[in-house]
Amino acid sequence: MIGLTILGSTGSIGVSTLDVAGRHTDRYRVIALSANRDVDGIEKQCLAFKPEFAVMADPAAAKALKTRLSSHGLMTQVLAGVEGLETVAALPQVDYVMAAIVGAAGLLPALAAVRAGKRILLANKESLVVSGELFIREAEDHGAEILPIDSEHNALFQCMPANFQQGLEEVGVTRILLTASGGPFRTMPLESLSAVTPDQACAHPNWSMGRKISVDSATMMNKGLEVIEACWLFHTRPDKIQVVLHPQSVIHSMVEYSDGSILAQLGNPDMRTPIAHALAWPERISSGVASLDLFQVARLDFEAPDLERFPCLALAYRAIEASGTAPAILNAANEVAVDAFLTGRIGFTRIATLIEDVLAKMPIDHDPDLEHLLAVDAEARRIAEQSIVSRVS
Ligand code: NAD
Ligand code: MG
């Protein structure tokens with residue numbers, strides 16, 4: 001039996017992970033679940049999966065969960081805070097850790113799994129954006145295995161040669177083609193963008209996801225974060241990665257080889273496919289995803305992204321080219337900007353200009369250690385918040 005910890009089990013990826021694991025109870029045993037504050041959600045999951053541990057990042061929520069679980073007579077031990085998350089990521093009876101917390105809050109728990117040498121099913125792209133070099137180095141040092149859950153990176157992993165870790169040029173890979181749907185505003189008149197609402201931004205045409213990544217998809221910051229993620233996962237440079245708009249979201253990404261071959265991975269847009277792939281790799285298991293009907297899809301379109309419409313994508317390329325602490329600044333400013341947009345404090349088009357302002361205000365340091373990255377993350381958040389308040393007042 002494979003022991004599984006799911007960090008962020010009440011979210012979109014967490015729920016899909018439990019759906020797949022629940023189809024294979026002969027293979028996977030859920031050891032630990034975790035959430036931020038969603039006591040109702042995790043209570044139901046605990047009743048269904050009877051884990052040894054449940055962690056709430058919020059201490060008051062942990063207290064409430066403890067009372068509820070003991071009223072059900074469950075033996076599940078309740079832990080709290082980042083320490084609790086780090087504990088369940090590193091337990092000896094845990095083999096695989098699904099890292100599906102949203103945002104930089106997922107970094108320390110994912111790093112705890114890396115340092116314990118686990119297989120990490122990495123959905124939390126922000127942790128690689130913030131600390132890519134350090135994260136990958138720690139994984140190598142501790143023999144941790146990182147399997148990408150992000151559908152594009154999972155597709156790339158499936159299309160890569162087995163020895164891609166030697167370096168893409170060495171193994172004949174010339175280019176990564178990272179596909180993007182273009183989100184809900186791909187064809188909206190540019191002058192209408194400043195007035196779009198959070199609900200419009202979260203109405204993704206193909207994928208059902210958490211609200212933060214949905215807004216990131218609408219600005220295409222999500223693709224920018226994914227370019228950075230791909231640089232670290234596949235040991236490559238941003239100029240080797242081409243973003244391709246593909247509105248149908250059927251091809252999840254492609255790898256080009258030196259002989260002119262391009263390998264693609266296709267499937268219905270359902271995260272249970274990459275989750276099942278990473279859970280079973282190198283084997284295959286069923287995921288519950290319907291078979292792709294190509295006649296229904298009928299056509300596949302491709303376009304170049306418009307950087308005037310999607311300035312966040314250009315900002316992300318600039319940040320990874322600058323490297324050092326720049327991606328951590330970009331990510332932190334984006335998290336604050338997206339939250340401010342979702343809570344009605346700023347308009348949609350202010351997201352990009354706010355991030356640009358924060359990047360312009362902060363120096364970029366090279367070779368940062370973890371402590372420095374966390375300090376930069378906090379400082380970028382402070383500057384972004386200050387910028388919002390000063391504009392509003
Ligand atoms: P979500 O908002 O639906 O769920 C987030 C989960 O993290 C919840 O369980 C929540 O309780 C927990 N959480 C939130 N803040 C926390 C904190 N401060 N401390 C501890 N736990 C916290 O998000 P999601 O859409 O499932 O995305 C999760 C991650 O996976 C993100 O990094 C996202 O970019 C990535 N991802 C998601 C999808 C998708 O289809 N949803 C696809 C690719 C990658
Ligand atoms: Mg993705």
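Order of appearance sets the numbers: ligands from 1, and atoms from 1 within every ligand. Since the structure is predicted, the reported quantities are computational estimates derived from the model, not experimental observations.
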With a cut-off of 4.0 Å, which atoms of ligand 1 are near a heavy atom of [X]?
X      : result
Ala105 : 17 (C), 18 (N)
Ala57  : 19 (N), 20 (C)
Ile13  : 26 (O), 30 (O), 37 (C), 38 (C), 39 (C), 40 (O), 41 (N), 42 (C)
Ala35  : 11 (O)
Ala123 : 30 (O), 32 (O), 35 (C), 36 (N), 44 (C)

Exercise for review: Consider only side-chain N and O atoms of Asp259 and Ser261, and report whether a donor and an acceptor are under 3.5 Å apart.
Suggested key: yes

Check your understanding: Which pairs, with at least one residue in residues 78-88 and sequence neighbours excluded, count as a side-chain hydrogen bond (donor to acceptor under 3.5 Å, both in side chains)?
Key -> none

Practice item. Could you list the residues that satisfy side-chain hydrogen bond (donor to acceptor under 3.5 Å, both in side chains) with Glu385, not counting sequence neighbours? Key: Arg345

Protein residue, atom and distance nearest to [atom], heavy-atom basis:
atom                    : answer
atom 5 (C) of ligand 1  : Val102 CG1, 3.8 Å
atom 29 (C) of ligand 1 : Ile101 O, 3.7 Å
atom 43 (C) of ligand 1 : Asp150 OD1, 3.1 Å
atom 36 (N) of ligand 1 : Ile213 CD1, 3.6 Å
atom 25 (O) of ligand 1 : Gly210 N, 2.9 Å
atom 41 (N) of ligand 1 : Ser12 OG, 3.2 Å
atom 34 (O) of ligand 1 : Lys125 CE, 3.2 Å

Point to revise | Residue-ligand contact Ala100/ligand 1, heavy atom below 4.0 Å | key: yes

Check your understanding: Out of curiosity, is Asp38 lining ligand 1, as in a heavy atom under 4.0 Å away?
Key -> no

Would you mind telling me if ligand 1 is within reach of the side chain of [X], the backbone, both or neither, using heavy atoms under 4.0 Å?
X      : value
Lys212 : neither
Met271 : side chain
Asn124 : both

**Study point:** Test of ring centre spacing under 6.0 Å for Phe234 and Phe157
**Key:** no

Exercise for review: Quickly, which of Leu134, Leu373, Val376 forms a side-chain contact (heavy atoms from CB on, under 4.5 Å) with Pro368? Name it, please.
Suggested key: Leu373

Practice item. Report the member of His153, Gln45, Glu126, Glu226 with the shortest heavy-atom distance to atom 32 (O) of ligand 1. Key: Glu126

Check your understanding: Should one rank Thr10, Ile6, Leu85, Asn36 by closest heavy-atom distance to atom 9 (O) of ligand 1, which comes out on top?
Key -> Thr10

Revision key, fill the gap. Within the 2.8 Å cut-off the protein N, O or S neighbours of the Mg ion (ligand 2) are Asp150 OD1, Glu152 OE1, Glu226 OE2

Charged N-O contact under 4.0 Å between [X] and [Y]:
X      : Y      : value
Asp95  : Lys118 : no
Glu379 : Arg382 : yes
Lys44  : Asp40  : no
Arg29  : Glu52  : yes

Review point. Do Leu107 and Val336 share a hydrophobic cluster (ILVMFWY, side-chain heavy atoms under 4.5 Å, transitive)?
Key: yes

Check your understanding: Same cluster or not: are Ile42 and Met98 linked, directly or through other Ile, Leu, Val, Met, Phe, Trp or Tyr residues, by side-chain heavy atoms under 4.5 angstrom apart?
Key -> yes

Practice item. Apply side chain to side chain contact (heavy atoms under 4.5 Å, CB included) to the pair Val88 and Leu7, showing each step before the final yes or no. Key: CA-CA 9 Å; Val88 296; Leu7 301 170; 4.2 Å; yes

Pair up each side-chain donor or acceptor in residues 311-334 with any protein partner under 3.5 Å, not counting sequence neighbours, and list the distances.
unit_1 : atom_1 : unit_2 : atom_2 : d
Tyr317 : OH     : Ile241 : O      : 2.8
Thr325 : OG1    : Asp365 : N      : 2.8
Thr325 : OG1    : Asp365 : O      : 3.4
Asn331 : ND2    : Glu335 : OE2    : 3.0
Asn334 : ND2    : Asp216 : OD1    : 3.0

Check your understanding: Would one find an N or O of Gly11, backbone or side chain, under 3.5 Å from an N or O of ligand 1?
Key -> yes

Review point. Is atom CD of Gln158 surrounded by more than 12 heavy atoms (other residues, nucleotides or ligands) closer than 6.0 Å?
Key: yes

Point to revise | Full working for salt bridge (charged side-chain N to carboxylate O under 4.0 Å, His left out) between Glu283 and Arg27 | key: CA-CA 12 Å; Glu283 293 170 30; Arg27 270 181 94 112; 3.2 Å; yes

Check your understanding: Any sub-3.5 Å donor-acceptor pair from Ser127's side-chain atoms to Asn124's backbone N or O?
Key -> yes

